[in-house]
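Input: a single structure, listed below in structure tokens.
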Amino acid sequence: MDSKVRVRFAPSPTGGLHIGGVRTVLFNYLFAKHHGGDFILRIEDTDQSRFVPGAEQYIMDTLAWCGLSPDESPAVGGDYAPYRQSERKHLYKKYADQLIADGYAYYAFDTPADLENKRNEIPNFQYNKAHRNEMKNSISLSENEVNDLLKNNTPYVVRIIMPEQETLSFNDLIRGEVSFDTSTVDDKVLLKADGMPTYHLAVVVDDHLMKITHAFRGEEWLPSAPVHILLWKYLFGLNHMPQWAHLPLILKPEGHGKLSKRDGERLGFPVFAMDWMDPNTKEQTIGFKERGFLPEALINLLALLGWNDGTDKEIFSIDELIAQFSLARVHKGGAKFDYEKAKWFNQEWIKKTDNDQLATLVKPFYDDAQIEVHEPAYLVKVIGLIKDRCHLLYDFITQGSFFFKAPTEIDTASILAKWEEKKQAFFTELTAAYAEMITNGDTQPVAADLEIHFKALATTHEIKPGDLMLPFRIMLVGGKFGPGVFEIIQAIELKDAKERIEYSLKLLSNK
RNA sequence: GGAGCGUUCGACUAAGGGUUAGGUCACCUCCCUUUCACGGAGGUAAUACGGGUUCGAAUCCCGUACGCUCUACCA
């Protein structure tokens, strides 16, 4: 007993990492760290036809960005290396052979075409007790025939014999007791014709070899649990089997069904953790990272999708999650993904993050938008002014670009609605006043003084300051948004402000 | 079709025999704000259905409906 907790995430490197996958990682990680255990990354690349170059590196990069780095992996190694199943190919055959020797499995020589035909011929065909004998395998054929086929290097697979009417049950850490009748599942392939194991064999063998104590995976795996239980029973003993937990699915926001990459494209939000480009199709898929999410926020929102600590608390740091996490509080039912709530989590994390740190995170977005940031300190200051109105890191561009360069698009329509001659005169005089201040060396007056000055001038012109604020703001930022106007002027400095007013006045007089 | 799993406001969820069924997102109203936000105060809104058990059921039991997952030499 008391063996160290060891959990694993075992993805196949076939593309970008879906947030469902990230959450599986997260729950594994939280459970391991909560119990002072190890989190292992194992790459399940047994299907060479689906192998995608770069996908494995992408997975590791994603885990690193999320702060969920494995204790053992193909990259960092560990006592149970190798961590790629393709490099462990030689290990599996032995167990398949053992199963055959013990009468729990058999050779099957049917070609894919044979199977295809059979499936077309018989509706709901199952390779099981009912049809085993009609197929070409070491149960239906004589020993000599089988030996001849093997001697001639006839391609074969190894299939497990699913027993008749045996009830298999296990205690799922989330769902409680779950049971299956073995008659309802077919004779799954264990070893493929190319010598690679299928998931079923590989997961059992590797979990055993890597001393995995707890195995968590998506709910979609539940129906194949009986196969795995049987394998544990035959190979290593049920008492050594890890404890299973089948995690609820992340569902589409509206309709029903598992959240997919397509839903993101259709509804305009990311589904992958980071940008992914399929090297074959060159298809680009946006990620949460590039959309402007903080990893803390992604982790936080994923943790709360199907789990809570029993209180009203919703904002958790990774350390708090580790401290509070328990499988007992994980939901059984799937959760629909809500992008609005996801953005709320990110906004909360933006508020929690200090301005210096935000500046380094936001800088790449400015670079991408080709907005030059000459002084890092200035960016920090701008961030302080606008962070309350940003949900995504990208919002720091839309909410802040005018601090770095004058807006080119001016919402003149909104100004024109109530534009009059005396306002024109007012702003003309304002620019003159600013010019004079600049000449006097007062280039960056404080916001409060600017406001006093502005209001005094408005009074002189017999205009309510309120009637001037909106046009003024639009001249400075281009539209109806942003922090206080006088704070903006203080930041961008008088000369710039003056030029923006003049530019707008020119636009207005042309209309 | 079969098997398994699931079902509380539009969404995420709390309450696990006794609550006016609570919170958060979204939505609406108001306050603050001479913009947009942020912040503050309110509001709309839910126990799938039908039977039991019980003084009392969202909660326990049975059935029904609906949904999802799986049903590959993919994971």
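Remember, predicted model here, so these are calculated numbers, not experimental data. The sequence lines fix the lettering, A, B, ..., with proteins before strands; numbering per chain opens at 1.
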Describe the nucleic acid contact of A:V485 in one word from base, sugar-phosphate, nothing, applying a heavy-atom distance below 4.0 Å. nothing

Would you mind pulling out the nucleotide paired to B:C9, Watson-Crick or G-U wobble, both distances under 3.5 Å? none

Taking the ring centre of each residue, are A:W221 and A:Y199 less than 6.0 Å apart? yes

Nearest-angstrom distance, C1' atom, B:G40 to B:A45: 22 Å

When the C1' atoms of B:G16 and B:A21 are considered, how many whole Å apart are they? 13 Å

Determine the contact category for A:R329: base if any of its heavy atoms lies under 4.0 Å from a base atom, sugar-phosphate if only primed atoms, P, OP1 or OP2 are that close, otherwise nothing. sugar-phosphate

For nucleotides B:U20 and B:C32, find the distance between their P atoms and express it as a whole number of Å. 36 Å

Ring centroid separation for A:H461 and A:F427, is it under 6.0 angstrom? no

Report which part of the nucleic acid A:G482 touches: base, sugar-phosphate, or nothing (heavy-atom distance under 4.0 Å, all strands). base

Please classify the nucleic acid contact of A:H331 as base, sugar-phosphate, or nothing, using heavy-atom distances under 4.0 Å. sugar-phosphate

In whole Å, what separates the C1' atom of B:U59 from that of B:U19? 13 Å

Taking atom C1' in both B:G63 and B:U53, compute the distance separating them and give it to the nearest angstrom. 15 Å

How is A:K313 classified with respect to the nucleic acid when contacts are heavy atoms under 4.0 Å: base, sugar-phosphate, or nothing? nothing

What's the gap between B:U29 and B:C70 when it is taken at their P atoms, as a whole Å value? 43 Å

Taking the C1' atom of each, how far is B:A15 from B:U24, in whole Å? 16 Å

Do A:R159's NZ or CZ and the ring of A:Y127 fall within the cation-pi criteria of under 6.0 Å and 45°? yes

With a 6.0 Å cut-off on the ring centroids, do A:F365 and A:F396 count as close? no

pair_partner(B:C70), Watson-Crick or wobble, both distances < 3.5 Å, evaluates to B:G2

Spell out protein contact along nucleotides 60-75 of chain B as letters: B when the base is contacted, S when just the sugar-phosphate is, - when no protein heavy atom is under 4.0 Å; keep the 5' to 3' order. -------SSSSS-BBB

Quick one: are the ring centres of A:F170 and A:W232 less than 6.0 Å apart? no

Any protein N or O atoms within reach of nucleotides 38-45 of chain B? Criterion: under 3.5 Å, listing atom names and distances.
residue	atom	partner	partner atom	Å
B:C38	O3'	A:K351	NZ	3.4
B:G39	OP1	A:K351	NZ	2.8

What distance, rounded to whole Å, do you find between the two P atoms, one in B:A58 and one in B:C49? 11 Å

Side-chain H-bond candidate by donor/acceptor type, A:N28 with A:R8, under 3.5 Å: no

Which nucleotide, if any, forms a Watson-Crick or G-U wobble pair with B:U20, using both distances under 3.5 Å? none

Counting only side-chain heavy atoms from C-beta out, which of B:A11, B:A3, B:C5 sits nearest to A:D338? B:A11

With a 4.0 Å cut-off on heavy atoms, is A:G479 in touch with a base, just the backbone sugar-phosphate, or nothing at all? nothing

Here the distance between atom C1' of B:A14 and atom CG of A:D312, to the nearest Å, is 7 Å

